[in-house]
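Encoded as structure tokens, the structure appears first; notes follow it.
From a predicted model like this one, the values you see are computed outputs, not experimental measurements.
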Amino acid sequence: MKHRIALLGFGVVGQGFAEILKNKKQVLEEQFGLDAAIVAVSDVMKGSVYHPDGLSIEDLLAVVKETGKLDDYPEQEGLIRGLNSFETIKQTNADTIVEVTFTDVKTGQPAIDHCQCAFEYGKNVIMSNKGPVALAYAQLKEMAEKRNVRWGFEGSVMSGTPSLRMPVTSLAGNDIYEIQGILNGTTNYMLTRMEDGLSYDEALSEAQKLGYAEADPTSDVEGYDALYKIVILANVVMNYPLKVHEVERMGISHLTTEDIELARQSNRKWKLIAKLKKENGSVVASVKPEMIPLDHPLANISDATNAITYHCDLSGPVTLIGAGAGKTETGFAILIDLINIHRKQL
Ligand SMILES: NC(=O)C1=CN([C@@H]2O[C@H](COP(=O)(O)OP(=O)(O)OC[C@H]3O[C@@H](n4cnc5c(N)ncnc54)[C@H](OP(=O)(O)O)[C@@H]3O)[C@@H](O)[C@H]2O)C=CC1
Ligand SMILES: N[C@@H](CC=O)C(=O)O
């Protein structure tokens, strides 16, 4: 039986996921018995197409590459154009909604409403969008469970590096009492490139071109993105209902090439460090830049790579290093949630 997918948002991650589905079609069918079809794509500026029997991924990617729009997607009988995100959720035959619109760090919208609508209509949701998980984890989880649908969000923290599934499954039974790491790809990339001599603006511009930065990069450079991720880790991994306003936050926008040089002269490096610690029945959290010595375990985490250490009472510290952002890497995060939904393990 086909697993029918509708994509809300067809930017870096949406296209990365579509490419993976195209390239891995045979492997997914042979190894997992997963016959996945994209039936709908709805994007604000690029437009929207839906066909209940499935769309050609080659054509979707080609027309967007050529024109930046879905308007030239080939006409065929039964093709419907122009559905907005909510119409796509309600009116298409998709089993799973892949929510890859932008992350709104203040309201989490419209992604929270997308999730609620999908659950009401009995559809699974997979997302790399951080807003709904950071701001509405408990109520969305409960709603998905009540409606007997699945909600995957592995890509919301550290892209395709399994920073959520790994501790929840493979570290189960431990008390994870402290978590710390580098959780934002854009700023880590920028700090690395500033060490190479680039200015702040040049480094940010490169990170944007590479598809790492948020639609509004203020979220990356002022630390909101890492803050959202630490809140998600508290809720999902520590099972503690930490709220966004409870996290101390400072970004890297005040750091200059002179600051980077001064650190280098004292054998240190600037890194944006996120921390989470259980203390007296509560959890304290912060995101801020720190000058760390070159022999610090995080000093050699460069470019858009991220790292996270889980401090566990039984297994001791466990560190995971991997991609923090990227088109294919985050597309993979969507795929792994899809495979787990298909296996009925999510
Ligand atoms: N890029 C990365 O490496 C990672 C990204 N993420 C998260 O994944 C999500 C997607 O990221 P990314 O693909 O890079 O972002 P992009 O900005 O490249 O793509 C987002 C797309 O969503 C579209 N969109 C915005 N609002 C709506 C809406 N209401 N309905 C339909 N489409 C909409 C945008 O349309 P348009 O621009 O045409 O208006 C855009 O094409 C974000 O939430 C981000 O935080 C998570 C991990 C890594
Ligand atoms: N903008 C984010 C993308 C992934 O979450 C980052 O740079 O880490």
Side-chain angles (χ1 to χ4, degrees), residues 8-9 11-14 43-45 85 98-116 125-141 151-159 163-164 179 181-191 200 204-205 207-208 210-237 240-255 271-276 283-289 304 306 308 324-326 330 333-334:
L8 306 185
V12 173
V13 180
D43 187 284
V44 172
M45 301 298 285
S85 55
V98 170
E99 213 293 355
V100 279
T101 72
F102 72 105
T103 293
D104 183 308
V105 291
K106 291 214 168 67
T107 65
Q109 295 292 14
I112 292 177
D113 287 346
H114 286 156
C115 287
Q116 285 173 340
V125 175
I126 300 175
M127 57 184 7
S128 52
N129 194 322
K130 288 139 251 182
V133 201
L135 292 171
Y137 176 66
Q139 70 252 42
L140 289 175
K141 182 170 179 273
W151 182 30
F153 42 79
E154 181 63 67
S156 63
V157 180
M158 279 176 74
S159 179
S163 60
L164 298 173
I179 295 175
I182 296 174
L183 299 182
N184 181 264
T186 300
T187 47
N188 206 50
Y189 181 84
M190 288 173 67
L191 292 170
Y200 177 95
L204 174 57
S205 165
Q208 288 178 299
L210 289 164
Y212 302 149
E214 296 299 303
D216 176 0
T218 314
S219 178
D220 296 293
V221 297
E222 296 300 352
Y224 292 102
D225 179 78
L227 185 161
Y228 265 40
K229 290 168 179 167
I230 209 80
V231 169
I232 294 171
L233 286 159
N235 278 269
V236 176
V237 176
Y240 181 85
L242 185 71
K243 298 278 179 274
V244 167
H245 69 266
E246 293 169 323
V247 184
E248 186 190 344
R249 173 197 56 81
M250 185 191 278
I252 65 150
S253 62
H254 62 287
L255 292 181
K271 293 287 178 194
L272 185 64
I273 310 282
K275 288 183 182 163
L276 198 56
V283 162
V284 287
S286 65
V287 172
K288 52 188 173 190
N306 283 185
I308 187 165
T330 318
I334 305 292

Derivation and outcome, side chain to side chain contact (heavy atoms under 4.5 Å, CB included), residues L140 and Q116: CA-CA 7 Å; L140 289 175; Q116 285 173 340; 3.7 Å; yes

Side chain to side chain contact (heavy atoms under 4.5 Å, CB included) evaluation trace for M127 with W151: CA-CA 8 Å; M127 57 184 7; W151 182 30; 3.4 Å; yes

Chi angles and distances behind the side chain to side chain contact (heavy atoms under 4.5 Å, CB included) call for L210, Y189: CA-CA 10 Å; L210 289 164; Y189 181 84; 3.4 Å; yes

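Side chain of E222 to backbone of S253: no donor-acceptor contact under 3.5 angstrom is found. Within the 3.5 Å criterion, the main-chain N or O of G326 finds a donor-acceptor partner in the side chain of T330. Looking only at distances, no side-chain donor or acceptor of K288 sits under 3.5 Å from a matching main-chain atom of R249. Remark: the backbone N or O of S128 is not paired with any side-chain donor or acceptor of S156 at under 3.5 angstrom. Of the possible polar contacts, one joining the E154 side chain to the S163 backbone as a donor-acceptor pair under 3.5 Å is found.
D216 and S219 share no donor-acceptor pair across their side chains, judged by distance under 3.5 Å alone.
In this structure, OG1 on T187 lies 12.5 Å from OH on Y212, to the nearest 0.5 angstrom. To the nearest 0.5 Å, atom CG of residue L272 and atom CE of residue M190 are 10.5 Å apart. Interatomic distance, T218 OG1 to D225 CG, rounded to the nearest 0.5 Å: 11.5 Å. The distance from the NZ atom of K229 to the CG atom of N184 is 5.0 Å, given to the nearest 0.5 Å. Once rounded to the nearest 0.5 Å, the distance linking CG of D220 with OG1 of T186 reads 3.5 Å.
In this structure, V133 and V236 approach most closely via the heavy-atom pair CG1-CG2, 4.4 Å. Nearest heavy atoms, A274 versus I230: CB-CD1, 3.7 Å. Minimum heavy-atom separation, P217 to L204: CB-CD1, 3.9 Å. Of all heavy-atom pairs spanning V244 and A134, the tightest one is CG2-O, 4.3 Å. The two residues P289 and I252 make their nearest non-hydrogen contact at CB-CG2, 4.4 Å. Closest of all the heavy-atom pairs between G211 and V12 is O-CG1, 4.0 Å.
Q109 is not listed as a side-chain neighbour of D104, based on a closest heavy-atom distance of 4.5 Å or more. V287 has its side chain out of reach of M250: every pair of non-hydrogen atoms, C-beta onward, lies at least 4.5 Å apart. Considering only heavy atoms from C-beta on, L255 stays 4.5 Å or farther from Y200 through its side chain. The closest side-chain heavy-atom distance from E99 to I126 is not below 4.5 Å. Residues M158 and I308 have side chains in contact (heavy-atom distance under 4.5 Å, counting atoms from C-beta outward). Contact check for C115 versus F153: no side-chain heavy atoms found under the 4.5 Å cut-off. Using a 4.5 Å heavy-atom cutoff, the side chains of I273 and L183 are not in contact. No side-chain heavy atom of L242 sits less than 4.5 Å from a side-chain heavy atom of L233.
Screening V231, V283, N235 against P241 for a side-chain contact (heavy atoms from CB on, under 4.5 Å) leaves a single residue, N235. The residue from N129, T101, V100 that alone fulfils the side-chain contact (heavy atoms from CB on, under 4.5 Å) condition with V13 is V100.
Checked against salt bridge (charged side-chain N to carboxylate O under 4.0 Å, His left out), K275 has the following partners two or more places apart in sequence or in another chain: E290. For E214, the salt bridge (charged side-chain N to carboxylate O under 4.0 Å, His left out) partners are K130, not counting sequence neighbours. Residues forming a salt bridge (charged side-chain N to carboxylate O under 4.0 Å, His left out) with D43 (at least two apart in sequence, or on another chain): K46.
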